[in-house]
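See below for the structure under consideration.
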Amino acid sequence: MAQDPKQKRKQERQMNDQMRVRHEKMDELREEGIDPFGHEFKPTALAKDLTEEYDKYSKEELEEKDVTVTIAGRMVAKRGSGKVGFADILDRSGRMQIYIRKDVVGEEKYHIFKRSDIGDFLGFTGEVIKTDMGQLTVRVTDVTFLSKALRPLPDKFHGLQNKEQKYRQRYLDLISNRESFDRFQNRAKIISAIRNFLDNEMDFTEVETPVLHASAGGASARPFITHHNALDIQLYLRIALELHLKRLIVGGMGRVYEIGRVFRNEGMDKEHNPEFTELESYAAYFDFKDVMDETEGIFRAAAKVVTDDGKVTYQGNEIDLDKPFKRVHMVDAIKEVTGVDFWPEMTIDEARKLADEHHVKYESYWKVGHIINEFFEEFVESTIVDPTFVYGHPIEISPLAKKNADDPRFTDRFELYILGNEYANAFSELNDPIDQRQRFEAQVAEREAGNDEAQGIDEDFIKALEYGMPPTGGLGIGIDRLVMLLTDAPSIRDVLLFPTMRPEEDQD
RNA sequence: GAGCCGUUAGCUCAGCCGGUAGAGCAUCUGACUUUUAAUCAGAGGGUCGGCAGUUCGAACCUGCCACGGCUCACCA
């Protein structure tokens with residue numbers, strides 16, 4: 001391919017010594033009639049399969065078996081002496097050592113191996129053997145050059161440590177840090193296990209609902225705003241899946257769930273990324289206690305991917321997901337930790353007095369329920385260790401949850417807490433359209449009073465409820481945080497392949 | 001949004017009181033027919049994140065900027 005000489009000079013200026021050498025080797029391959037960016041290749045085995053199948057045999061047994069295989073992958077380590085060489089080949093399943101001799105493969109093929117760099121893709125055919133050191137190895141009879149790496153890989157021993165680079169160039173992290181590679185494999189398996197549980201054990205239907213919303217509801221959060229040209233309207237990226245899924249319950253689908261990306265235009269930290277993956281499920285005729293059972297089922301199914309006995313260690317703290325989760329009313333939990341009793345009916349002034357006594361700050365528009373919630377968040381949340389369903393949230397902070405039949409100050413809602421963090425939020429869904437309109441109106445009043453995350457009225461959703469929605473139990477789980485818990489990841493960025501980053505300028 | 005910390009070779013990291021930049025891996029040359037962070041001998045490789053300032057002299061001190069990390073705040 002012809003290249004502008006000016007551009008080529010510029011490129012060369014930006015290259016370091018190692019890139020120059022690799023470009024030269026690429027040209028050399030072409031001169032030898034080898035395509036440095038080759039085509040299809042048919043490996044007959046993966047590294048992991050070979051280990052599983054043959055590692056149990058002795059050196060002599062393997063010699064007798066005389067098994068020939070073809071493997072392919074990226075060369076990630078290379079060592080050896082003049083006329084023999086060893087290399088580690090990384091394929092999607094793991095590593096395999098190869099052993100190559102000049103007197104076996106011949107001058108030309110050995111030269112290809114000698115001149116190839118760490119990072120290059122190569123294919124090898126050979127016999128499965130064990131070395132004198134007992135290492136399972138492919139003794140090479142044929143080499144195929146597959147693809148050139150023009151940039152050097154990170155340090156083979158330390159891997160890639162620079163966090164920024166790990167997030168920006170995840171492919172390098174995946175190549176050089178096996179624990180990261182495995183974590184993303186586990187993420188996929190966890191999501192698959194959840195799907196399997198909901199599909200096959202709970203008889204749910206998986207659905208897809210719009211990401212672009214005319215009004216962003218179903219949660220309290222600031223949305224991302226975008227614009228549709230043809231319709232010339234403002235649209236929002238969804239902040240929750242809730243309102244569409246409930247419309248499907250109205251439509252008679254009975255049990256639906258969606259695992260999908262939602263977007264919240266808020267701060268970023270170890271637990272928050274602007275886009276994240278949420279599971280929401282809705283089941284007709286469930287109440288929130290049924291949803292607790294469903295949630296335990298989901299967590300156990302997911303945990304099975306990483307543990308046999310349900311025990312998981314997160315950042316040094318062990319928890320047991322096989323034990324039945326604790327269940328406690330929010331007011332009882334507050335009473336237990338602080339001694340403050342919110343069971344008696346009280347006026348806002350009495351609640352404010354309690355807040356003042358305990359140095360709990362409150363906003364002017366807060367009602368008693370907001371203060372109760374604040375007590376919980378301030379004093380109780382961080383003390384929870386074992387998986388615990390905290391239920392009975394105040395009605396003021398739960399605009400989509402059904403009122404408790406015996407005490408209308410509270411809702412039939414729960415959140416699941418583990419090690420001080422929230423993992424699930426669920427309730428018996430509000431299916432009374434008149435109550436729903438009043439809740440939305442209270443949210444609008446809150447917004448006018450200064451809460452810019454309060455929701456607006458979704459008239460279309462209320463209309464759907466007016467056609468009748470069966471009693472329904474709904475659930476939301478933050479998938480990223482669940483994956484963090486199960487894979488012992490300290491930051492949400494460690495479980496997102498490509499976390500949101502500020503773009504860098506001046507890229508080479 | 002605030003505070004603290006970081007940014008030095010392709011990667012991982014040193015660099016003392018301000019005196020013109022170091023190691024290991026990687027790369028290059030040579031030796032070596034069972035190595036596994038291979039070994040041995042030699043060599044090359046730097047806009048010390050960027051821009052200003054202080055100074056005879058700045059990787060180091062000061063200011064501003066960029067990006068990142070941690071903590072806090074915010075966050076159904």
Side-chain angles (χ1 to χ4, degrees), chain A residues 14-22 24-25 59 76-88 95-104 110 115 117-119 129-137 139 149-169 172-173 175-177 216-223 239-242 262 264-274 276 278 280 361 373 377 393 397-401 413 415 422 424-427 443 451-455 474 476 478 490-491 493 499 501-508:
Chain A
Q14 285 173 345
M15 275 195 266
N16 60 42
D17 57 330
Q18 309 204 33
M19 287 176 67
R20 267 196 203 96
V21 168
R22 284 164 185 254
E24 281 162 23
K25 287 179 176 172
K59 186 172 154 76
V76 291
K78 193 181 177 188
R79 55 194 168 267
S81 43
K83 297 186 181 67
V84 309
F86 291 87
D88 293 341
R95 281 180 184 230
M96 181 53 55
Q97 176 170 270
I98 61 101
Y99 168 46
I100 182 167
R101 297 172 61 105
K102 191 175 181 176
D103 58 5
V104 172
Y110 194 72
R115 294 293 285 165
D117 290 304
I118 289 176
I129 61 150
K130 269 196 178 167
T131 64
D132 293 347
M133 304 299 289
Q135 169 85 46
L136 195 71
T137 299
R139 185 173 52 206
L150 294 174
R151 289 175 185 268
L153 254 40
D155 189 287
K156 70 178 178 194
F157 186 65
H158 299 93
L160 184 63
Q161 297 301 321
N162 184 313
K163 282 189 186 174
E164 178 173 359
Q165 212 174 345
K166 282 165 81 159
Y167 299 146
R168 287 193 196 277
Q169 294 177 274
L172 293 180
D173 181 43
I175 293 164
S176 57
N177 299 321
S220 302
R222 284 194 293 269
I239 58 172
L241 315 175
E242 176 134 3
V262 297
R264 296 188 184 177
N265 203 343
E266 287 169 352
M268 298 162 63
D269 59 34
K270 272 163 77 161
E271 273 113 28
H272 299 80
N273 195 70
F276 60 100
E278 203 183 27
E280 288 193 28
K361 289 191 193 132
N373 183 57
E377 288 186 0
H393 295 61
I397 60 154
S398 311
L400 299 159
R413 171 183 177 189
E415 290 178 305
E422 179 199 327
N425 180 30
F427 28 87
Q443 287 287 299
N451 182 358
D452 58 357
E453 294 190 342
Q455 310 181 36
S491 167
R493 293 177 159 181
M501 301 286 279
R502 195 185 289 273
E504 37 171 19
E505 290 178 20
D506 219 30
Q507 261 198 333
D508 60 346

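Proteins come first, then strands; the chains are lettered A, B, ... in the order of their sequence lines, and each starts at number 1. Side-chain atoms are counted along with the backbone in the values below, which use heavy atoms only and exclude waters and symmetry mates. Worth saying up front: this structure is predicted, and the values here are computed from it rather than measured.
No contact: A:L172 has no heavy atom under 4.0 Å from any strand. Residue contacts shown for A:D269 include a base, since a base heavy atom lies under 4.0 Å away. Contacts of A:R413 with the nucleic acid, taken as non-hydrogen atoms under 4.0 Å apart, include base atoms. Within 4.0 Å (heavy atoms only), A:E266 reaches sugar-phosphate atoms of the nucleic acid but no base atom. Using a 4.0 Å heavy-atom criterion, one finds that A:R222 contacts no nucleic acid atom at all. As judged by a 4.0 angstrom heavy-atom cut-off over every strand, A:G159 is placed among residues touching the sugar-phosphate backbone only. Contacts of A:Q455 with the nucleic acid, taken as non-hydrogen atoms under 4.0 Å apart, are absent.
The separation of B:G44 from B:U29, taken at their C1' atoms, amounts to 10 Å, rounded to a whole angstrom. Rounded to the nearest Å, the gap between the P atom of B:G45 and that of B:G53 is 30 Å. Separation of the P atoms belonging to B:G63 and B:G18 is 16 Å when rounded to the nearest angstrom. Distance noted for atom P between B:G22 and B:C65: 34 Å (whole Å). Distance noted for atom C1' between B:U39 and B:A52: 50 Å (whole Å). B:G42 and B:C32 are spaced 16 Å apart, taking the C1' atom of each and rounding to whole Å. Only the C1' atoms considered, B:G46 is 11 Å distant from B:A59, to the nearest whole Å. For the P atom pair drawn from B:A21 and B:C25, the interatomic distance equals 23 Å after rounding to whole Å.
The nucleotide whose nearest atom lies closest to any side-chain atom of A:Q135 is, among B:C11, B:U33, B:U36, B:U36. In this structure, of B:U33, B:A73, B:A26, it is B:U33 that holds the atom nearest to the side chain of A:D103. The listed nucleotides are B:G68, B:C32, B:G10; the one nearest the side chain of A:S81 is B:C32. Checking B:U27, B:U35, B:C67 against the side-chain heavy atoms of A:F86 singles out B:U35 as nearest. Counting only heavy atoms from C-beta on, A:Q161 has its side chain closest to B:U12 among B:U34, B:U36, B:U12. When distances run from any side-chain atom of A:D117 to the nucleotides B:U27, B:U36, B:A73, the shortest one goes to B:U27. The nucleotide whose nearest atom lies closest to any side-chain atom of A:M133 is, among B:U27, B:A26, B:U36, B:U36. Distances from the side chain of A:R502 to the nucleotides B:G68, B:A26, B:U36 place B:G68 closest.
Considering CE of A:M501 and CD of A:E164, their distance stands at 5.0 Å, rounded to 0.5 Å. One distance of note links CD of A:E280 with CD of A:E242; it measures 5.5 Å at 0.5 Å rounding. Interatomic distance, CZ of A:R151 versus CG of A:D117, reported as 14.5 Å (0.5 Å rounding).
The residues A:D88 and A:R79 are annotated as salt-bridged, a charged nitrogen and a carboxylate oxygen being separated by less than 4.0 angstrom.
Look at CD on A:Q165: it is 17 Å from P on B:C67, rounded to the nearest Å. Rounded to whole angstrom, the span from the NZ atom of A:K102 across to the C1' atom of B:U34 amounts to 18 Å. The interatomic distance linking A:R151 (CZ) with B:G10 (P) rounds to 11 Å, in whole Å. If you measure from atom NZ of A:K270 to atom P of B:A73, you get 14 Å, rounded to the nearest angstrom. Taking atom NZ of A:K166 as the reference point, atom C1' of B:U7 lies 17 Å away to the nearest angstrom. Distance A:Y167 OH to B:C67 P: 18 Å, rounded to the nearest Å. Taking atom CZ of residue A:R79 and atom P of nucleotide B:C25, one finds them 15 Å apart after rounding to whole Å. Nucleotide B:C11 holds its C1' atom 12 Å from the NZ atom of A:K156, rounded to whole Å.
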What N/O pairs connect the protein and nucleotides 40-45 of chain B at under 3.5 Å? Give each pair on its own line.
| from | atom 1 | to | atom 2 | distance (Å) |
| --- | --- | --- | --- | --- |
| B:G44 | N2 | A:D17 | OD2 | 2.3 |

> What's the verdict on side-chain contact (heavy atoms from CB on, under 4.5 Å) for A:M96 and A:L136, showing C-alpha distance, side-chain angles and the deciding distance?
Replying inline: CA-CA 8 Å; A:M96 181 53 55; A:L136 195 71; 4.1 Å; yes
> Reading RNA chain B 5' to 3', how would its secondary structure be written in dot-bracket notation, given Watson-Crick and G-U pairs with both distances under 3.5 Å, brackets [ ] for crossing pairs and | for partners on other strands?
Replying inline: (((((((..((((.....[..)))).(((((.......))))).....(((((..]....))))))))))))....
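Evaluation of atom-type donor-acceptor distances gives no pair under 3.5 Å for the side chain of A:D155 against the base of B:G10. Side-chain atoms of A:Q97 come within donor-acceptor range of the base of B:U35, with a qualifying N/O pair under 3.5 Å. Counting atom types as modelled, A:H272 pairs a side-chain N or O with a base atom of B:C75 as donor and acceptor under 3.5 Å.
Without hydrogens or angle criteria, A:D173 side chain to A:Y167 main chain gives no donor-acceptor distance under 3.5 Å.
Considering only residues two or more places apart in sequence or on other chains, A:Y110 meets the ring pair (Phe, Tyr, Trp, His ring centres under 6.0 Å) condition with none of them.
Counting non-hydrogen atoms of other residues, nucleotides and ligands closer than 6.0 Å to CE of A:M133 gives a total of 12 or fewer.
In this model, the phosphate group of B:C28 is approached by a side-chain N or O of A:K25 to a distance below 4.0 Å at OP1 or OP2.
Base orientation at B:C17 is syn, since its O4'-C1' glycosidic dihedral falls within 90° of 0.
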